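Notes follow the structure.
Hydrogens, waters and symmetry mates are skipped; everything else that's a heavy atom, side chains included, is used. Since this is a predicted model, take the numbers as computed values, not measurements.
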Amino acid sequence: MILGLLVSLALNSPASAAEVATPSKGHASNPSWSQDGQWLAFELNNYGGKIDLYMVQVANGNALGTPEKLSIPGNQSSFSSGGSVAAAPNWHPRGVLIFEGTNSSNSSRIYSRAPKGGAPSSLIKFNQVDGDLSWPAISPDGKTIAFISDATGSGDLYLWDFNTNAITQAVSSPFAEMAPRFHANGEKLAYTRKNRGGQDLFTWEGGSSTPLVGGNGDQTRPVWAGDQVVFFTNERGENQWDIAVSSGPGQKQIIARGVRLPQRSTPALTPDAQWVVYGVEDTTASMKIMMTRIDGSKTVEVDTGLVACGEPSLVDADGRTYMAFTALPSEGADWRKLHIIDITNQLN
């Protein structure tokens with residue numbers, strides 16, 4: 001349920017969403033736009049032990065052709081072998097897709113792939129940093145990639161210089177660090193740390209970490225909105241997820257309750273970082289995607305005409321704002337599908 005203090009504005013009729021055809025069975029999840037809005041990457045999970053990663057070209061809110069599955073050279077059946085995972089797509093400003101995936105030795109590593117650039121390649125060699133690598137995040141200027149490696153224990157935060165290939169360890173602790181995200185200035189990070197069974201939020205700048213928000217449950221998957229950090233919290237109890245905003249250490253404002261937690265992604269923001277966008281667990285409102293202003297002052301509902309909507313991702317392209325999201329076509333449907341919708345008018 002959305003906080004009662006918010007103003008709710010609903011569309012008079014369901015908006016028209018274009019479905020992205022998927023070439024195999026599975027639940028679509030975690031869509032990620034290239035910065036120019038011309039490409040969309042997403043995961044496909046059949047809950048049979050593997051996750052495949054696809055990319056598709058997009059024009060005017062419509063997918064062009066059949067999505068392409070990414071494959072790593074040397075794997076007997078690319079990412080389709082049992083237990084394999086290709087996930088966490090992020091786009092570099094140069095138009096290169098950065099993601100994590102398991103290789104033929106079942107190690108999780110970080111790969112890159114240009115939209116029309118052939119097979120993916122490994123970004124970081126084992127002799128640079130070994131162990132499983134995860135949670136890649138790219139600085140806005142594209143110069144630095146943050147990631148997590150378990151080479152020295154539970155999981156520490158590293159920085160990789162995209163141009164020089166130099167790697168530095170930014171954070172080391174007895175606990176597991178996760179989910180780094182860059183500030184717009186490229187010099188500051190927000191990330192989470194496992195602590196006493198939950199997750200707390202930290203910021204990092206100039207080689208030093210500062211606690212941001214802790215408390216009951218998980219404070220997780222941060223993303224910057226200007227100088228504020230937006231994140232998911234389940235402090236009300238397991239599987240009760242809300243969205244909160246922090247303006248500084250110890251500060252937290254809940255702006256949406258009962259949200260549908262994405263598989264892996266951070267809270268979705270509009271390109272201007274003024275709205276947070278999400279689905280809800282309330283079955284009577286599951287056909288809607290909600291947009292709440294970062295200051296909590298207003299909520300807009302986008303009625304999609306579908307069911308169990310969630311995992312939105314937004315981009316500005318050609319003067320329009322497009323939202324990719326996943327949903328069931330109807331109650332009882334087998335698989336969640338990926339859809340694209342133009343929400344330009346809802347933001348005016």
Side-chain angles (χ1 to χ4, degrees), residues 7-21 28 30-42 54-68 89-98 114-116 138-142 181-186 223-226 228 230 262 265-279 287-295 297-306 309-327 337-348:
V7 179
S8 179
L9 304 175
L11 299 180
N12 293 326
S13 60
S16 177
E19 182 179 317
V20 178
N30 203 8
S32 177
W33 289 98
S34 63
Q35 293 189 9
D36 60 8
Q38 295 185 15
W39 293 88
L40 184 62
F42 63 96
Y54 288 81
M55 66 165 59
V56 65
Q57 193 168 9
V58 178
N60 300 316
N62 292 282
L64 304 179
T66 302
E68 176 191 5
N90 290 270
W91 289 91
H92 191 276
R94 298 179 188 175
V96 176
L97 182 66
I98 310 293
K116 297 181 179 179
I138 306 166
S139 63
D141 61 9
R181 279 296 181 270
F182 280 95
H183 186 276
N185 65 14
V223 63
W224 292 92
Q228 300 182 94
V230 185
S265 62
T266 66
L269 301 178
T270 53
D272 62 4
Q274 296 300 305
W275 301 75
V276 62
V277 187
Y278 54 95
M287 73 294 296
K288 299 173 182 177
I289 293 287
M290 306 294 187
M291 300 188 295
T292 296
R293 291 195 65 88
I294 293 297
D295 63 6
S297 63
K298 183 167 63 175
T299 291
V300 174
E301 302 175 354
V302 179
D303 191 342
T304 69
L306 302 166
C309 299
E311 303 204 68
S313 177
L314 295 95
V315 71
D316 283 342
D318 300 322
R320 311 295 295 177
T321 300
Y322 294 102
M323 177 174 68
F325 66 99
T326 67
K337 301 294 186 179
L338 181 62
H339 302 268
I340 302 172
I341 193 170
D342 186 336
I343 64 166
T344 306
N345 294 337
Q346 281 69 65
L347 293 173
N348 293 334

Practice task
Specify whether Phe42 and Tyr54 have parallel, tilted or perpendicular ring planes, treating 30° as the upper limit for parallel and 60° as the lower limit for perpendicular.
Solution key: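 It falls in the parallel class, under 30°.
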Is any side-chain heavy atom of [X] less than 4.5 Å from a side-chain heavy atom of [Y]?
X: Val315; Y: Gln35; value: no
X: Pro93; Y: Asp141; value: no
X: Val277; Y: Val302; value: no
X: Ile343; Y: Leu314; value: yes
X: Pro267; Y: Tyr278; value: no
X: Gln228; Y: Ile294; value: yes
X: Lys116; Y: Glu68; value: no
X: Val300; Y: Lys288; value: no

Measure the [atom1]-[atom2] distance between [X] and [Y] for me, rounded to the nearest 0.5 Å.
X: Leu97; Y: His92; atom1: CG; atom2: NE2; result: 12.0 Å
X: Asn90; Y: Trp33; atom1: CG; atom2: CH2; result: 15.5 Å
X: Thr299; Y: Glu301; atom1: OG1; atom2: CD; result: 8.0 Å
X: Gln346; Y: Met323; atom1: CD; atom2: CE; result: 8.5 Å
X: Asp36; Y: Asp316; atom1: CG; atom2: CG; result: 12.0 Å
X: Trp91; Y: Gln38; atom1: CH2; atom2: CD; result: 10.0 Å

Exercise for the section: For atom CG of Asp318, decide whether the heavy atoms of other residues, nucleotides or ligands shown that lie under 6.0 angstrom number more than 12. Expected result: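 For Asp318, atom CG is not crowded (no more than 12 foreign heavy atoms under 6.0 Å).
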Handout entry: Asn185 atom CG, over 12 foreign heavy atoms within 6.0 Å
Key =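 Check passes, neighbour count above 12.
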Taking all atoms of both residues into account, what is the closest heavy-atom pair of [X] and [Y], and its distance?
X: Gly310; Y: Ile289; value: N-CD1, 3.9 Å
X: Ala268; Y: Pro312; value: CB-O, 3.1 Å
X: Pro140; Y: Ala184; value: CG-O, 3.6 Å
X: Met287; Y: Asp303; value: CG-OD1, 3.4 Å
X: Ala225; Y: Ala273; value: CB-O, 3.9 Å
X: Gly186; Y: Ser139; value: CA-CB, 4.5 Å

Handout entry: Pair Thr321-Thr344, side-chain donor/acceptor within less than 3.5 Å
Key =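 No.
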Practice task
Just jot down the ring-ring contact (aromatic ring centres under 6.0 Å, His included) partners of Trp39, sequence neighbours excluded, or say none.
Solution key: none
Exercise for the section: Would you please name every residue forming a salt bridge (charged side-chain N to carboxylate O under 4.0 Å, His left out) with Glu19, sequence neighbours left out? Expected result: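 For Glu19 there are no salt bridge (charged side-chain N to carboxylate O under 4.0 Å, His left out) partners, ignoring immediate neighbours.
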Exercise for the section: Could you please spell out the steps behind the side chain to side chain contact (heavy atoms under 4.5 Å, CB included) verdict for Thr304 and His339? Expected result: CA-CA 10 Å; Thr304 69; His339 302 268; over 6 Å; no
Practice task
Take Phe325 and Glu311, measure what side chain to side chain contact (heavy atoms under 4.5 Å, CB included) needs, and give me the verdict at the end.
Solution key: CA-CA 5 Å; Phe325 66 99; Glu311 303 204 68; 6.0 Å; no
Practice task
Give a yes or no answer on whether the side chain of Ser32 reaches the backbone of Pro89 with a donor-acceptor pair at less than 3.5 Å.
Solution key: yes
Exercise for the section: Could you go through the side chain to side chain contact (heavy atoms under 4.5 Å, CB included) check for Leu338 and Leu40 one step at a time? Expected result: CA-CA 10 Å; Leu338 181 62; Leu40 184 62; 3.8 Å; yes
Exercise for the section: Determine, stepwise, if the pair Ile138 / Arg94 fulfils side chain to side chain contact (heavy atoms under 4.5 Å, CB included). Expected result: CA-CA 11 Å; Ile138 306 166; Arg94 298 179 188 175; over 6 Å; no
